[in-house]
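Here the structure comes first, spelled out in structure tokens, and everything after it is commentary.
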2 protein chains.
Amino acid sequence: MSRERLLAALAEAGREHSTTAVMFHTAVSARMGLGMTEAKALDLLRRLGPLAAGEIAGHSGLTPASVSGLIDRLERKGFVRRIRDTEDRRRVIVEIRNDGVAGFGALFEDVVQGLEGLYATYTDEQLELILDFLRRSAEVQRAATAGLG
Amino acid sequence: MSRERLLAALAEAGREHSTTAVMFHTAVSARMGLGMTEAKALDLLRRLGPLAAGEIAGHSGLTPASVSGLIDRLERKGFVRRIRDTEDRRRVIVEIRNDGVAGFGALFEDVVQGLEGLYATYTDEQLELILDFLRRSAEVQRAATAGLG
DNA sequence: TTATTTAGTTCGCTCTAACGAAATACAGGA
DNA sequence: TCCTGTATTTCGTTAGAGCGAACTAAATAA
């Protein structure tokens with residue numbers, strides 16, 4: 001395959017890969033009964049750990065009032081817990097409830113298994129290459145996203 | 001790096017890669033003034049070509065009434081055009097307006113350039129490996145998504 | 001102590017996007 | 001032709017998620 005064709009195929013495959021990722025995320029959120037904003041908030045908490053309500057507002061661009069409602073919904077659905085900050089008792093820390101999200105781990109089983117099977121077909125050197133590619137590719141996307149802010 | 005660590009790192013990098021893909025998609029949609037449903041519909045049209053309103057309903061899970069409104073919004077924003085089917089004049093074919101989406105190509109410039117730069121650092125053999133990985137990985141995600149339907 | 005600022009919540013409102021039911025327009029067979 | 005079924009639209013309604021303004025509680029400065 002010529003380099004030119006190779007690059008064109010990669011562009012197409014990359015688009016397709018992104019699309020399937022988005023569709024999978026959407027499907028998982030739907031199955032968990034989450035809206036866009038709720039899913040995004042849960043992801044924030046997963047990546048950054050427990051956050052104060054105001055911090056969620058900062059990261060999400062929502063107003064404090066909206067964040068209150070958002071936390072209400074997530075709490076009602078059993079995904080997070082409110083905790084009064086003992087240092088500053090005005091603040092409310094929002095924390096993921098592991099017992100609440102645990103039941104949905106099964107949703108990822110197919111993907112996890114599928115990827116494990118996929119990885120099993122590669123040598124260590126090949127996996128190192130793929131790992132590096134994934135990291136650098138993610139960085140490109142992150143930078144591009146920031147450039148749209 | 002041990003195989004075990006490698007696999008763990010890949011799992012993390014893969015999650016991160018997905019997250020950045022979703023964030024990029026979200027940011028692009030926001031910039032284009034599109035809601036989730038509208039973006040999804042445009043993506044359908046991009047991948048499958050012009051579709052009848054009813055076909056969009058089928059693919060999206062929306063009711064015909066909702067699809068009518070959806071097309072109204074996309075049309076008002078200049079992204080699609082309604083065309084009466086000449087064979088069956090009850091049907092309405094929805095087609096992407098290239099002149100409507102063209103202006104937003106710039107949103108992808110950073111990603112395209114970034115990825116080109118990234119690809120440039122690999123040999124043909126390495127790119128073949130990456131291409132194969134992307135395709136197989138997308139297939140895993142597609143299958144997993146279908147499993148949640 | 002008292003006043004001010006800060007963190008979060010509550011309230012009332014609005015806007016959007018979805019829905020079901022009824023209407024419209026056309027196709028295709030009796 | 002006339003009738004039945006199909007594709008889409010229109011209409012009226014509903015539910016959800018966001019906002020600003022007003023409120024409560026707690027920290028901090030005067």
Side-chain angles (χ1 to χ4, degrees), chain A residues 22 25-27 29-45 48-96, chain B residues 22 25-27 29-45 48-96:
Chain A
V22 172
H25 268 246
T26 305
S29 294
R31 268 301 190 93
M32 295 178 75
L34 294 174
M36 259 289 92
T37 315
E38 290 155 20
K40 211 170 129 187
L42 266 191
D43 194 63
L44 269 178
L45 293 169
L48 306 179
L51 295 174
E55 293 172 317
I56 295 179
H59 282 98
S60 64
L62 296 172
T63 61
S66 303
V67 172
S68 258
L70 168 61
I71 301 173
D72 284 348
R73 298 195 301 272
L74 285 173
E75 202 170 36
R76 205 176 319 121
K77 293 171 187 172
F79 294 118
V80 306
R81 176 180 9 242
R82 273 184 170 90
I83 301 174
R84 277 279 157 202
D85 187 340
T86 51
E87 304 294 313
D88 181 341
R89 290 158 32 75
R90 289 169 306 179
R91 283 161 48 97
V92 166
I93 306 295
V94 182
E95 184 184 70
I96 289 188
Chain B
V22 172
H25 269 245
T26 305
S29 295
R31 267 304 190 92
M32 295 178 74
L34 295 175
M36 258 290 92
T37 315
E38 290 154 20
K40 212 170 128 189
L42 266 190
D43 195 62
L44 269 179
L45 293 171
L48 305 180
L51 295 174
E55 292 172 319
I56 295 179
H59 282 99
S60 65
L62 295 172
T63 62
S66 304
V67 173
S68 257
L70 167 62
I71 301 173
D72 285 347
R73 299 195 300 274
L74 285 173
E75 202 170 35
R76 206 177 316 121
K77 292 171 186 172
F79 293 118
V80 306
R81 174 181 12 241
R82 271 183 171 93
I83 301 175
R84 275 283 155 198
D85 187 341
T86 51
E87 303 295 313
D88 181 342
R89 290 160 33 75
R90 290 169 304 180
R91 283 161 47 97
V92 165
I93 307 296
V94 182
E95 183 185 72
I96 290 188

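Small disclaimer: the values here were computed from a predicted structure and weren't measured.
Of the candidate nucleotides C/dC26, C/dA18, D/dT8, D/dT8 has the atom lying nearest to any side-chain atom of B/Arg91. Closest to the side chain of A/Arg90, out of D/dT10, D/dT6, D/dA27, is D/dA27.
Among the atoms of the strands shown, none is found under 4.0 Å from any heavy atom of B/Glu55. When heavy atoms are screened at a 4.0 angstrom cut-off, B/Ala53 is found touching the sugar-phosphate backbone but no base atom. If you check every strand for non-hydrogen atoms under 4.0 Å, B/Gly54 touches sugar and phosphate atoms only.
Contact check, B/Arg82 against D/dT8: no side-chain N or O comes under 4.0 Å of OP1 or OP2. Within the 4.0 Å cut-off from OP1 or OP2 of C/dT9, at least one side-chain nitrogen or oxygen of A/Ser68 is found.
We find the CZ-CE distance between B/Phe79 and B/Met32 to be 4.0 Å, quoted to the nearest 0.5 Å. A distance of 9.0 Å separates CE of A/Met36 from NE2 of A/His25, quoted to the nearest 0.5 Å.
Comparing A/Arg89 and A/Glu38 by the nucleotide of DNA chain D that holds the closest heavy atom to each, the one mapping nearer the 5' end is A/Glu38. If A/Gly35 and A/Glu87 are placed on DNA chain D by their nearest nucleotide, the residue sitting closer to the 5' end is A/Gly35. Place A/Arg84 and B/Leu70 on DNA chain C by their nearest nucleotides, and A/Arg84 ends up nearer the 5' end.
Panel note: side chain A/Arg84, backbone A/Arg89; a donor-acceptor pair is recorded below 3.5 Å.
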